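Predicted model only: the values in this text are computed from it and were never measured. The first residue of the sequence shown is numbered 1, and numbering continues consecutively from there. Whatever order the structure lists them in is the order used to number ligands and atoms, beginning at 1.
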Amino acid sequence: AGWSLSCRRNVSSSPSRLQSCMPGWVIDQYGTNGVLTYTEDIPVPTVNSPSDVMIKVYAASLNPLDIAMRGGYGATLLKLKRHPMSVLGSDYGSEFPLILGRDVSGVVVDCGSEVTHVAPGDEVWAAVPPWKQGSLAEFVTLTEYEVSHKPKSVSHAEAASIPYVANTALSALVNAGGLCRDSSSNKRVLITGGSGGVGTFSIQLLKAWGAHVTVTCSQNAEGLVRGLGADEVVDYTAEDASEQLEMMEKFDVVLDNVGGETEQLALGLLKPWSGAKYVTLVTPLLPNTDSMGLLNGMCQAGSSLQSKAIQNIISGGVFYRWGFYAPDGPALDDVSRLVDAGKILPVVEAQFPFTQVPQAFQKLEQGHARGKTVVRVT
Ligand code: NDP
């Protein structure tokens, strides 16, 4: 691998007045693991706007998006979000050097003048939006709305396993799935891919909200998902997995973490003509904009969504929706309370020191996640 570990150094708990650079892992081009490079020359992301919160990163975690973004996934749309003028041509801003890492648990070191919710010294957690510089570095700077107080009962490494999957699951289940704490009891929810990061979080959230949860996963993950509260578990590798699902009482909501062939099967498992919703996290929006360009890609994705939505409402009376991560600090405040109440446990499968970020990527890239892969930064 082409990554270097030669320039590790001690870091202080807050940026000294003289410190203008920080250590971190960057990519300067898209590619395989070899593009991950350790450097101590990243400009410190200081507070630049009244709502900015600068955080010293204690722990980060990886998501499948990090692997995908390392390879260029979503580059077209994310570049537009970072540099709106880039729509005019490639001369308008480059994303490199790009810092990956979507989760942070750490301590606030500086705040903009209008920040009221957190203060320097506070322990916080957040999910870093993909269009911002990530958390695989000594510091990350976000807006106040994205940041939330970390649960007190868990370590930074455990806390870092939660924000991105939590913001994704909440956005998908609440905004697209129409569920909430007060409307979920007695709702039957199917989670496909229940053994991964989003799945292990969603099972616990839905159980805390009183829903009945069925999960699909590999046989060797059954103990894990049952331990998190899953009421029924179907081994998707079993020959009769589809039959098992089809024989069950129909569902109010499906959260699909798998996509592909699972989509058609899952749509047929919803209660017809009763407001049931299929929400998939596996959407063609970013891949389409990457392969077809911004305008064509978005049009193609939009028309695919529209035609599936219409087809499913006409044929079975079920809603077809896409779910997306959305930054939401206040939602993380609620999750923090659930963690401190012992209702949501961090599911950390593997931890890596900051010197071994490429190994952490390799672990995630092998697939078969059972919860989350965490990087201890400090
Ligand atoms: P993970 O990699 O953490 O988990 C995926 C899990 O699915 C693994 O445990 C895997 O285990 C299991 N799995 C694989 N194939 C199947 C199958 N056919 N049926 C049931 N389980 C299966 O991913 P995340 O939970 O973090 O994310 C889930 C998906 O959602 C990913 O595709 C991700 O890219 C996407 N996502 C989309 C977001 C958005 O904004 N739209 C945001 C976040 C995630 P095993 O292979 O051993 O069975």
When you check the gap from the basic side-chain N to the acidic O, do E123 and K152 get nearer than 4.0 Å? no

Pair L62, F361 - check side chain to side chain contact (heavy atoms under 4.5 Å, CB included), show working. CA-CA 7 Å; L62 297 186; F361 272 73; 3.5 Å; yes

V258 neighbourhood, listing ligand 1 atoms whose heavy-atom distance to it stays under 4.0 Å: 16 (C), 17 (C), 18 (N), 19 (N), 20 (C), 21 (N), 22 (C)

Which pair of heavy atoms, one from I203 and one from A230, lies closest together, and at what distance? CG2-N, 3.7 Å

Numbering as shown, the atoms of ligand 1 that approach G323 to under 4.0 Å (heavy-atom distance): 39 (C), 41 (N)

State if K372 counts as touching ligand 1 under the rule of any non-hydrogen atom under 4.0 Å. no

What I want to know is whether H368 and ligand 1 share at least one N or O pair that is separated by under 3.5 angstrom. yes

Between K372 and E349, is there a salt bridge with N-O shorter than 4.0 Å? no

Please determine if S218 has a nitrogen or oxygen closer than 3.5 Å to a nitrogen or oxygen of ligand 1. yes

Quick one: do Y30 and E95 satisfy side chain to side chain donor-acceptor pair (under 3.5 Å)? Show the steps, please. CA-CA 11 Å; Y30 296 120; E95 62 270 50; 2.6 Å; yes

Counting distance only, does the side-chain N/O of K308 pair as donor-acceptor with the main-chain N or O of N312 below 3.5 Å? no

Taking N or O atoms only and a 3.5 Å limit, does F324 qualify as a polar contact for ligand 1? no

Indicate yes or no: does R70 engage E365 in a salt bridge with an N to O separation below 4.0 Å. yes

To the nearest 0.1 Å, how far is atom 10 (C) of ligand 1 from its closest protein heavy atom, and which atom is that? S195 OG, 4.1 Å

Can you confirm, on distance only, whether ligand 1 has an N/O atom lying under 3.5 Å from any N/O atom belonging to Y236? yes

Using heavy-atom distances, let me know which of V215, T168, N257 sits nearest atom 43 (C) of ligand 1. T168

Test item: side-chain donor near acceptor, S148 and D333, under 3.5 Å: yes

So for ligand 1, is Y164 a polar contact partner (N or O within less than 3.5 Å, distance only)? no

Any idea which protein heavy atom is nearest atom 34 (O) of ligand 1, and the distance to it? P64 CB, 3.9 Å

Between the candidates L281, T280, V198, which shows the shortest non-hydrogen contact distance to atom 37 (C) of ligand 1? L281

Return the residue, atom name and 0.1 Å-rounded distance of the protein heavy atom closest to atom 7 (O) of ligand 1. G193 CA, 3.7 Å

I want to know if ligand 1 touches A369 in the polar sense, i.e. an N/O pair below 3.5 angstrom. yes

If we number the atoms of ligand 1 from 1 as shown, the ones under 4.0 Å from a heavy atom of Y325 are 39 (C), 40 (O)

Looking only at distances, please establish whether an N/O atom of ligand 1 is found under 3.5 Å from an N/O atom of L65. no

